[in-house]
There are 2 protein chains.
Amino acid sequence: MQKIISLHHKLESMFSHSEENYLKAIYHLGITSVNGVSTNAIAKKLSTKASSVTDMIKKLAEKKVLIYKKYQGVSLTEEGKKTAALIVRKHRLWEVFLVEKLNFNWDEVHDVAEQLEHIKSSKLINEIDALLGFPKFDPHGDPIPDTNGNLHLIEKKLLSTLQINETGICIGVKDSSASFLQFLDKQQIALGQEVEVLEKEDFDDSMTIKINNKKMTVSNKIANNLYIQK
Amino acid sequence: MQKIISLHHKLESMFSHSEENYLKAIYHLGITSVNGVSTNAIAKKLSTKASSVTDMIKKLAEKKVLIYKKYQGVSLTEEGKKTAALIVRKHRLWEVFLVEKLNFNWDEVHDVAEQLEHIKSSKLINEIDALLGFPKFDPHGDPIPDTNGNLHLIEKKLLSTLQINETGICIGVKDSSASFLQFLDKQQIALGQEVEVLEKEDFDDSMTIKINNKKMTVSNKIANNLYIQK
DNA sequence: AATATTTTTTAGACAAGACTAAAAATGTTT
DNA sequence: AAACATTTTTAGTCTTGTCTAAAAAATATT
């Protein structure tokens with residue numbers, strides 16, 4: 001009996017809203033860096049103060065979801081990674097739901113998904129998953145972790161790294177801020193379109209590309225935020 | 001500019017999770033009673049202590065969503081009623097969504113809807129409303145307030161008040177606890193079915209009814225929790 | 001009307017999560 | 001290696017929302 005109760009809590013209500021946000025932030029920051037994630041990096045990501053971060057990571061370390069040594073930054077344990085990945089899973093599935101079923105544009109989904117990701121109900125998210133046909137990517141091209149928190153990374157590179165005459169498919173955005181997404185909408189650039197690099201300008205690193213059968217020039221800032229699959 | 005900011009806040013993020021729960025509780029308790037709602041009644045409804053309630057209602061009174069005079073209980077202002085009704089609207093629409101789109105049974109929706117009702121996004125709830133075809137009642141037969149927080153009450157009476165030979169349609173439940181709903185499922189009683197009173201037993205106030213073309217005897221406790229439309 | 005009971009409020013404490021300011025550790029320059 | 005700069009931690013405070021225990025008000029009883 002004791003086991004069932006503790007299992008249930010483990011599944012559905014182990015972490016507070018705030019703890020979940022920290023776990024997710026550390027998860028995102030940890031994917032790139034091999035070393036631990038620094039206190040300041042977390043503070044920046046969550047728009048909070050380093051002292052608040054120190055308090056919280058001590059708490060999360062006691063809960064065994066991350067390893068913390070003073071002045072050394074943190075790294076998630078396996079349990080922490082899984083917990084975080086399942087929050088990311090919820091976030092991305094809700095984003096797909098909002099776009100596919102509720103007529104949200106891809107630049108409108110983030111704030112709402114940020115709230116919905118904290119809803120505690122495994123049945124709810126699994127049914128949403130099924131309703132959507134078990135999608136593997138969110139509207140911005142980011143992969144959706146499975147029910148165990150595993151996500152298979154996909155081969156992709158930034159448009160800015162392509163050479164002249166190389167082609168590929170536009171499969172995701174690195175910066176998913178509303179302003180960048182709206183810019184892409186305005187330029188009629190969407191995921192799934194084929195891209196070909198026609199020219200690269202050494203002076204400002206801008207490139208001329210053919211996308212959506214239209215020739216256009218994009219700045220380095222743009223090319224640095226579009227993911228291409230070869 | 002100042003005005004736009006304050007309007008936005010008014011629409012989407014005026015109240016905390018906890019404040020919303022108090023408003024909803026007071027709204028539900030206030031529907032029946034003509035007088036103010038007592039501190040103890042609120043405490044009981046929210047499974048909290050009277051002293052906590054006193055603290056919170058002082059805060060809500062300052063925010064002008066309810067009227068509070070010491071030792072006199074509280075009553076919602078028009079703004080408070082509207083705010084509460086919009087939370088109830090969200091709760092009930094999410095319940096319909098869970099049952100209609102996500103294969104939830106009507107006895108499983110309450111806890112999840114209790115979380116979903118706090119999501120701040122008017123677009124979200126209006127799109128859910130549209131997706132569902134603008135339903136007027138939730139899975140338990142309770143009316144769904146409109147976008148302005150108005151709800152039109154419908155003529156209904158408890159099964160227990162019907163006389164012998166009277167008939168009606170089963171349109172809602174008063175007690176929507178999982179155990180009662182599961183009992184109704186087991187007896188194959190569902191909303192929309194026609195009911196006819198065949199006999200009433202004075203001794204224990206049980207009744208024999210014909211429902212779903214089946215003759216059955218129900219206790220007073222059951223008959224007191226089923227709403228009938230004549 | 002006086003007493004007893006119940007309800008409500010006050011006072012003070014606590015936990016979670018955030019903040020500021022200052023101290024300590026680490027990293028970088030010279 | 002010493003001095004400077006940055007990062008991180010500590011210490012103490014604040015807010016929100018809760019609690020217990022005791023006081024005050026309202027209600028019920030005799």
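From a predicted model like this one, the values you see are computed outputs, not experimental measurements. Labels below follow one simple rule: chain letters A, B, ... track the order of the sequence lines, proteins then strands, and each chain is numbered from 1.
- Applying side chain to side chain contact (heavy atoms under 4.5 Å, CB included) to A/K24 and the options A/L29, A/T83, A/I87 leaves one that passes, A/I87.
- Electrostatic pairing of B/R92 and B/E95 does not count as a salt bridge here, judged by no charged N lying under 4.0 Å from a carboxylate O.
- Note on A/T54: a base of the nucleic acid sits closer than 4.0 angstrom, heavy atoms only.
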Which donor-acceptor pairs under 3.5 Å do the side chains of residues 46-55 of chain B make with protein atoms, sequence neighbours left out?
| residue | atom | partner | partner atom | Å |
| --- | --- | --- | --- | --- |
| B/T54 | OG1 | B/A50 | O | 3.1 |

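- Residue A/S38 has its side chain nearest to D/dT8 when only D/dT18, D/dT8, C/dT9 are considered.
- Following rounding to the nearest Å, A/N21 (CG) and C/dA18 (P) show an atom-to-atom distance of 9 Å.
- Summarising the geometry, the separation between CG on B/D55 and P on D/dC19 is reported as 10 Å, rounded to the nearest angstrom.
- Across all strands, B/T39 comes closer than 4.0 Å only to sugar-phosphate atoms, never to a base (heavy-atom distances).
- Salt-bridge annotation for A/K221 and A/D175: absent, with no side-chain N of the basic residue lying under 4.0 Å from a carboxylate O of the acidic one.
- Distances from the side chain of A/K58 to the nucleotides D/dT8, D/dT10, D/dC19 place D/dT10 closest.
- Taking only side-chain nitrogens and oxygens, B/N40 comes nearer than 4.0 Å to OP1 or OP2 of C/dT8.
- The interatomic distance linking A/F15 (CZ) with C/dA16 (C1') rounds to 16 Å, in whole Å.
- Listed by first and then second residue, the side-chain hydrogen bond (donor to acceptor under 3.5 Å, both in side chains) pairs that reach into residues 63-73 of chain A are A/E19-A/K63, sequence neighbours excluded.
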Do any N or O atoms of the protein come closer than 3.5 Å to N or O atoms of nucleotides 21-26 of chain C, and which pairs are they?
| residue | atom | partner | partner atom | Å |
| --- | --- | --- | --- | --- |
| C/dA25 | O4' | A/Y71 | OH | 3.4 |

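- Residue B/Y22 places no side-chain N or O under 4.0 Å from the OP1 or OP2 atom of D/dT16.
- Rounding to whole angstrom units, NZ of residue B/K63 and C1' of D/dT16 are separated by 11 Å.
- Atom CG in A/L46 sits about 15 Å away from atom C1' in C/dC19, given to the nearest Å.
- Rounded to whole Å, atom C1' of C/dA15 lies 14 Å from atom CD of A/E62.
- Between B/N148 and B/L86, the shortest heavy-atom distance links the atoms C-CD2, 4.3 Å.
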